[in-house]
Q: 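Could you have a look at this structure, given as structure tokens, before my questions?
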Amino acid sequence: IMHWLVTVVLVAVLAPNAAALDNGLARTPPMGWLSWERFRCNVDCDNDPRNCISARLYKEMADELVAGGYAKVGYNHVNVDDCFLAKHRNAEGKLYADPTRFPGGIPALSKYVHDQGLKLGVYTDIGATTCAGYPGSEGHFAMDARTWVDEWNVDMLKMDGCNYPTTLMAQGYPNVTRALNATGRPIVFSCSWPDYVRISGKQPDYSSVAQNCNLWRLYDDIQDSWDSVAGIIAYWGDNSDMLAKYAAPGAWNDMDMLIIGNSGLNDAQSRAQMAIWSILASPLLMSNDLRNISAEAKAILTNTEVIAVDQDPLGRQGVRLWRHSDGGELWARQLQGNEVAVVLFNNGDQSALNITFTPAVDLPSGWIPINSRKAVLRDLFEHHTMPFLPLPSGSITANSVAQHDVRMYRLTFSK
């Protein structure tokens, strides 16, 4: 199932008939927690009350975001996903949550989440039904936009793309943009448009997508396995130069959820996911059980130095600069203040790999300020500063990088 994101924030009112989504929001990639990958469409609250899609689940995750320190480092959204709705619209034609699993409906949950100092997200689909068969928004864009904003007071919306012709998406998604603009309340809109177009065998029009959406998914849904994460990384590596052209503050390519803390990744693979997602300026949306998570996984997820790369205000998406035959890879991203973040990644079959990086040779022209004579390297997972590197001759070798692990550095250049 494809899942998509919308953030609602009270800022300047947009022109009601504006087609483009120029709302000043999502200046850095959104962060938070999202239920889908971990909890799917479990609606059996009689037999599994602790893990079913219900108000209880989202309230407990909101509690964990605050008590566990996740909100403090930026994870401030709690996102309800598919399967929360009643099976049919009400007599007025409006969406409403399953009344048994969500007593008080979404307004009550919204108040609870907001009282915690967090933001709430909900889910819909551009088609007549969602991927799981619940009511979608086709034919109801204006009504649903008012429900989300005026009645539910939500802050994020995932819009899926099931059950809607891909040939109509170039008209359908801009129509959703207009409906959101018409509410008078700016909404960060993430659409599934490019991924469904890709699946149909066509090339997405990313320029149009970026004009109408703040966030967009463009590749396969993540699963709880290294094979899934590796496949996403490979696709983005092969296409990073093209995709980076469309990323900027307010417009982000979305790599899908962080699965760190589930059973599918070991610690090395978890570091790799966190590092590559951050180099590529992806939204950081966890899908895990925050009530039951290891100390190692939590440390990776709350690493403020890596998060700072993801949230860098310059807003330039990173790229994969090279991949060697032994599986060694170099990924890099320009940061504010003429700094650069790099990831050295053992993405091959060797149990350990030495990976060498020479900034003056490996970084693109213009990334190192003119007249720079040295670089100070900060190791973002070990949290220590290394001896300065002379330029242009200096290089650094990351020794014995374990299979699927990374070393991540922040480079500060000076004369």
Side-chain angles (χ1 to χ4, degrees), residues 2-5 26 28-31 34 37 190-199 203-207 209-210 213-248 251-260 264-265 268-287 306-307 309-312 314-324 327-335 340-348 355 362-364 404-408:
M2 303 296 155
H3 297 280
W4 311 94
L5 232 176
T28 59
M31 297 175 61
L34 169 60
E37 202 294 317
S190 176
C191 52
S192 53
W193 173 6
D195 192 33
Y196 282 91
V197 171
R198 176 192 66 85
I199 292 170
Q203 175 63 29
D205 181 353
Y206 284 106
S207 293
V209 171
C213 311
N214 293 116
L215 306 169
W216 51 88
R217 283 279 312 286
L218 54 93
Y219 191 63
D220 295 349
D221 281 10
I222 200 165
Q223 310 297 325
D224 188 20
S225 73
W226 174 248
D227 285 348
S228 175
V229 172
I232 293 169
I233 291 172
Y235 181 85
W236 283 61
D238 293 342
N239 294 279
S240 61
D241 289 327
M242 179 274 291
L243 294 172
K245 295 187 297 184
Y246 302 101
W252 308 107
N253 296 296
D254 184 359
M255 297 183 76
D256 209 3
M257 295 160 277
L258 295 171
I259 58 168
I260 299 163
L265 304 183
Q269 294 162 347
S270 296
R271 282 188 292 271
Q273 189 188 21
M274 190 73 181
I276 300 298
W277 263 236
S278 296
I279 281 285
L280 292 175
S282 176
L284 300 180
L285 299 168
M286 304 179 290
S287 190
V306 176
I307 290 171
V309 172
D310 181 81
Q311 297 288 295
D312 184 77
L314 185 63
R316 292 189 181 173
Q317 180 179 309
V319 294
R320 188 183 67 192
L321 293 175
W322 46 250
R323 172 177 170 80
H324 291 163
E329 296 182 0
L330 173 65
W331 299 68
R333 177 181 178 183
Q334 288 181 287
L335 304 177
V340 171
V342 299
V343 171
L344 303 180
F345 180 25
N346 179 357
N347 194 19
I355 308 174
D362 292 321
L363 293 179
H404 303 156
D405 209 345
V406 295
R407 302 286 170 78
M408 188 173 189

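All of these numbers come straight from a predicted model, not from anything done at the bench.
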Q: If you measure only the distance, is there a donor-acceptor pair under 3.5 Å linking the side chains of Gln223 and Ser228?
A: no
Q: Look up atom CG in Asp362 and atom CG in Leu321, then write down how far apart they are to the nearest 0.5 Å.
A: 7.5 Å
Q: Could you pull out the closest heavy-atom pair between Asp312 and Arg333, with the gap in Å?
A: O-NH2, 3.8 Å
Q: Evaluate the side-chain proximity of Leu344 to Leu330: yes if any heavy-atom separation is below 4.5 Å, no if none is.
A: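 SC-SC contact between Leu330 and Leu344 confirmed.
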Q: In the structure I gave you, are the side-chain heavy atoms of Val406 and Trp331 within less than 4.5 Å of one another anywhere?
A: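 The answer is no; the side chains never approach within 4.5 Å.
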Q: Of all the heavy-atom pairs spanning Pro194 and Pro204, show the shortest one and how long it is.
A: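 Result for this residue pair: O-CG, 3.3 Å.
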Q: To the closest 0.5 Å, what do you measure between CZ (Phe345) and CD1 (Ile233)?
A: 4.5 Å
Q: Once salt bridge (Lys or Arg N to Asp or Glu O under 4.0 Å) is applied, what residue pairs with a partner in residues 231-242 remain, sequence neighbours excluded?
A: Asp238-Arg320
Q: State, with a plain yes or no, whether a side-chain heavy atom of Trp216 is found less than 4.5 Å away from one of Asp195.
A: no
Q: Using the test side chain to side chain contact (heavy atoms under 4.5 Å, CB included), find all partners of Ala248 that sit at least two apart in sequence or belong to another chain.
A: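 Checked Ala248 against side chain to side chain contact (heavy atoms under 4.5 Å, CB included); zero matches.
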Q: Looking at every heavy atom in both His404 and Gly348, which two are closest together, and how far apart are they?
A: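 Looks like NE2-O, 4.0 Å.
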Q: How many angstroms lie between CG in Asp405 and CG in Asn346, if you round to the nearest 0.5 Å?
A: 8.0 Å
Q: Kindly indicate whether the side chain of Leu215, heavy atoms from C-beta on, has any atom under 4.5 Å from the side chain of Pro29.
A: no
Q: Does any non-hydrogen side-chain atom of Ile222 lie less than 4.5 Å from one of Glu37?
A: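 Of all side-chain heavy-atom pairs linking Ile222 with Glu37, at least one is under 4.5 Å.
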Q: Where do Asp224 and Leu265 come nearest, in terms of heavy atoms and distance?
A: OD1-N, 4.5 Å
Q: Please round to the nearest 0.5 Å and tell me the distance separating atom OH of Tyr206 and atom OH of Tyr246.
A: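 Separation between the atoms: 8.5 Å.
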Q: If you take all heavy atoms of Asp220 and Ile232, which pair is closest and at what distance?
A: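 Where Asp220 meets Ile232 most closely, the heavy atoms are O-CD1, 4.0 Å.
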Q: Just so I know, are the side chains of Gln317 and Leu243 near enough to count as touching, which here means a heavy-atom distance under 4.5 Å?
A: yes
Q: For the CZ atom of Arg407 and the CD1 atom of Ile355, what is their distance to the nearest 0.5 Å?
A: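 Between atom CZ of Arg407 and atom CD1 of Ile355 there are 8.5 Å.
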Q: For Gln269 and Val229, what are the C-alpha separation, side-chain angles and deciding distance, and is it a side chain to side chain contact (heavy atoms under 4.5 Å, CB included)?
A: CA-CA 9 Å; Gln269 294 162 347; Val229 172; over 6 Å; no
Q: Tell me, yes or no, whether the heavy-atom count around Arg323 atom CZ, taken from other residues, nucleotides or ligands under 6.0 Å, exceeds 12.
A: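 Counting neighbours around CZ of Arg323, more than 12 heavy atoms of other residues, nucleotides or ligands fall under 6.0 Å, so yes.
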Q: Could you measure the distance from the OG atom of Ser207 to the NZ atom of Lys245? Nearest 0.5 Å is fine.
A: 8.0 Å
Q: With side chains defined as the heavy atoms from C-beta onward, is the minimum distance between Trp236 and Asn253 less than 4.5 Å?
A: yes
Q: Of all heavy-atom pairs between Cys213 and Trp193, which one has the smallest distance, and what is that distance?
A: SG-CE3, 4.3 Å
Q: Could you pull out all donor-acceptor pairs under 3.5 Å where a side-chain atom in residues 272-283 meets a protein atom, sequence neighbours excluded?
A:
{"from": "Gln273", "atom 1": "OE1", "to": "Ile259", "atom 2": "N", "distance (Å)": "3.2"}
{"from": "Gln273", "atom 1": "NE2", "to": "Met257", "atom 2": "O", "distance (Å)": "3.1"}
{"from": "Trp277", "atom 1": "NE1", "to": "Asp256", "atom 2": "O", "distance (Å)": "2.9"}
{"from": "Ser278", "atom 1": "OG", "to": "Met274", "atom 2": "O", "distance (Å)": "2.9"}
{"from": "Ser282", "atom 1": "OG", "to": "Met255", "atom 2": "N", "distance (Å)": "3.1"}

